[in-house]
2 protein chains.
Amino acid sequence: MTASPEQHPPGLDLEESVLRPVRGHHAFEACVEQLGTAIRLGVYPLGSALPAERELASRLHVSRATLREAMAALREAGLVETTRGRGGGTVVTLKPRSPSARAAARVSSAKRQDWLDALEFRRVVEPGAAALAAQLELTDVRREQLEQAHDAVAHASRPAPHRQADSRFHLTIAALSESPRLIEAVTSVQSALHEMLLAIPVLETNIAHSDRQHAAVVRAILAGRPDRARRAMEHHCDDTAALLRGLLG
Amino acid sequence: MTASPEQHPPGLDLEESVLRPVRGHHAFEACVEQLGTAIRLGVYPLGSALPAERELASRLHVSRATLREAMAALREAGLVETTRGRGGGTVVTLKPRSPSARAAARVSSAKRQDWLDALEFRRVVEPGAAALAAQLELTDVRREQLEQAHDAVAHASRPAPHRQADSRFHLTIAALSESPRLIEAVTSVQSALHEMLLAIPVLETNIAHSDRQHAAVVRAILAGRPDRARRAMEHHCDDTAALLRGLLG
DNA sequence: GAGTATTGGTCTGAGTTCATACCAATTTTA
DNA sequence: TAAAATTGGTATGAACTCAGACCAATACTC
């Protein structure tokens, strides 16, 4: 800790820890980020339609004018296309990208720091979500959805769709927990993870390993074994994190 | 969908889970909430001075004009007093309140739901923070601060100061984890907890029990035993949650 | 006591965001 | 084919937020 520009003090400053920016950026930037994230994570896959503007705006607690600015940005960036009239709407046109190896060097120190924090946080919240999901009585429909999300990951052979399926899988588990706070936490963590994986080439062997761990998590959740689900997810997070930390420095 | 106004569907709607309001309210309301929370949780105890306006504004990523609106609201509400000139500033005048038993009935169903979610979330993030803290090499200053925060809880005899000391204790552990995301999560959870405890009378026996659990958490963290720290904090959260759930319905 | 530094208090003009209408295109329905 | 419904597109004025400059009060320094 000698060369690093910012050195933390030996003591804690509670207020410094607690007082955080009251909100990140402008409303329309936040919309772009949230919708862009949802699209890239595969919540809205290629070819699917976004909700109508009026509904999206009310969902995001934002005026339609602001939402439209965001939509314009997404359209500009080539993520979506829009047609009007009844039956029209906005449709996803973004094809999932593959990781580009040379992007890894460009990340700033702050971003790197944030990524490492996301990995720590993930190791806490995702196992928590898995445990909670395993603890609940799941309807048949939901058990089905979980297995389906898992199958989608296992059967996706190409890297980019696999990445999206993986995100959807983890988000599905979070949604099963039924905890709004946990869902938001996992969404934010998956978004960070997605960024990281775009900057890092993924190895085939790791995908196979990862899928075995996914299967273990699904089994534990369906069997209603919270502790086992949590531990399985912890292993999965640990292994992913070790890999990423290694490739990030 | 017959009796309950909002019943969740048997299946999951991923987009519904993931798309959340892009930001809660206006900037100045958010400032009021954040500063009010910090004061009530005892980050700024009675008689202590808040940072200068210019610094606070930059810390919260908000213009000074907006921050001042928030300050005016806090002043109006009697939480702080302001004097000007060099050496002046804004000082906390709020005496920690004691719980009022009859407040419990007034909480809305949505709030109740949010509180229950906060308890679930807490059971995930606070044990996680404790484990992380135990896993790090702590400087002597920090070990000292942790013990001091714990002593403050143990020695606070009256309910209101005890509540603040308790919040500070939990926030201290979160801060020790050095994870910004975890710190924010614990802050938000403690804020919800604080609201709940204001609406519910606290029993002396529970305070004693709680302090024994605090001690166990501190021992585990200082001994560098992450698993033990996590489990101790889990027990603490479980017991608190059971009590609160019982009193809330 | 004079000067300086630090603090809250005030003002202004520009940029965002908002709610609310209304217009235009297209499909569904009668 | 005509009407209705649904969708995106546009316009307007109010409210909020911002950055920056400047004023006023107070305490420290010389």
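Here is how names work: the chains are called A, B, and so on, in the same order as the sequence lines, proteins then strands, and each is numbered from 1.
Under the 4.5 Å side-chain criterion, counting only non-hydrogen atoms from C-beta, A:V62 is not in contact with A:L56.
Applying the 3.5 Å distance criterion, the base of D:dG9 shares a donor-acceptor pair with the side chain of A:R64. In this model, no side-chain donor or acceptor of B:R68 finds a partner on the base of C:dG9 within 3.5 Å.
By the side-chain hydrogen bond (donor to acceptor under 3.5 Å, both in side chains) test, B:E120 is found to be paired with no residue, residues two or more places apart in sequence or in another chain being considered. With sequence neighbours left out, A:Q164 forms a side-chain hydrogen bond (donor to acceptor under 3.5 Å, both in side chains) with no residue at all. Looking at residues two or more places apart in sequence or on another chain, you find no side-chain hydrogen bond (donor to acceptor under 3.5 Å, both in side chains) involving B:S177. In this view, B:F169 and B:H150, B:H214 satisfy the ring-ring contact (aromatic ring centres under 6.0 Å, His included) rule, not counting sequence neighbours.
One interatomic measurement links the two molecules: CE of B:M71 to P of C:dG9, which rounds to 9 Å at whole-angstrom precision. In this structure, CD of A:E69 is placed 14 Å from C1' of D:dG9, rounded to the nearest angstrom. Atom-to-atom, CD of A:E81 to C1' of D:dT7 comes out at 17 Å; the value is rounded to the nearest Å. Note: CG (B:L74) to P (C:dG8) measures 14 Å, nearest angstrom. Residue B:L56 contributes atom CG, which lies 13 Å from atom P of C:dG9 at whole-angstrom precision. In this entry the distance linking NE2 of B:H61 with P of D:dC18 reads 11 Å, nearest Å. As a whole-Å value, the separation of A:H26 NE2 from D:dC18 P is 7 Å. At whole-Å resolution of the value, CZ in A:F28 and C1' in D:dT17 are 16 Å apart.
If A:A65 and A:T82 are placed on DNA chain D by their nearest nucleotide, the residue sitting closer to the 5' end is A:T82.
Side-chain proximity of B:E53 to D:dT17, C:dG9, D:dG8: nearest is C:dG9. Each of D:dC22, D:dT7, C:dT17 was ranked by its minimum atom distance to the side chain of B:R54; first place goes to D:dC22.
For the pair B:T66 and D:dC18, the criterion of a side-chain N or O lying under 4.0 Å from OP1 or OP2 is met.
Each of B:E55, B:E53, B:E69 was checked for a salt bridge (charged side-chain N to carboxylate O under 4.0 Å, His left out) with B:R64, and the lone residue meeting it is B:E53.
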Please list every donor-acceptor pair under 3.5 Å in which a side-chain atom of residues 82-92 of chain B meets a protein atom from a residue at least two apart or in another chain.
unit_1 : atom_1 : unit_2 : atom_2 : d
B:T82  : OG1    : B:R75  : NE     : 3.0
B:T82  : OG1    : B:T90  : OG1    : 3.2

Quick one: which protein N/O atoms are closer than 3.5 Å to N/O atoms of nucleotides 26-30 of chain D? Pair and distance per line, please.
unit_1 : atom_1 : unit_2 : atom_2 : d
D:dT26 : O2     : B:R86  : N      : 3.0
D:dA27 : O4'    : B:R86  : O      : 3.2

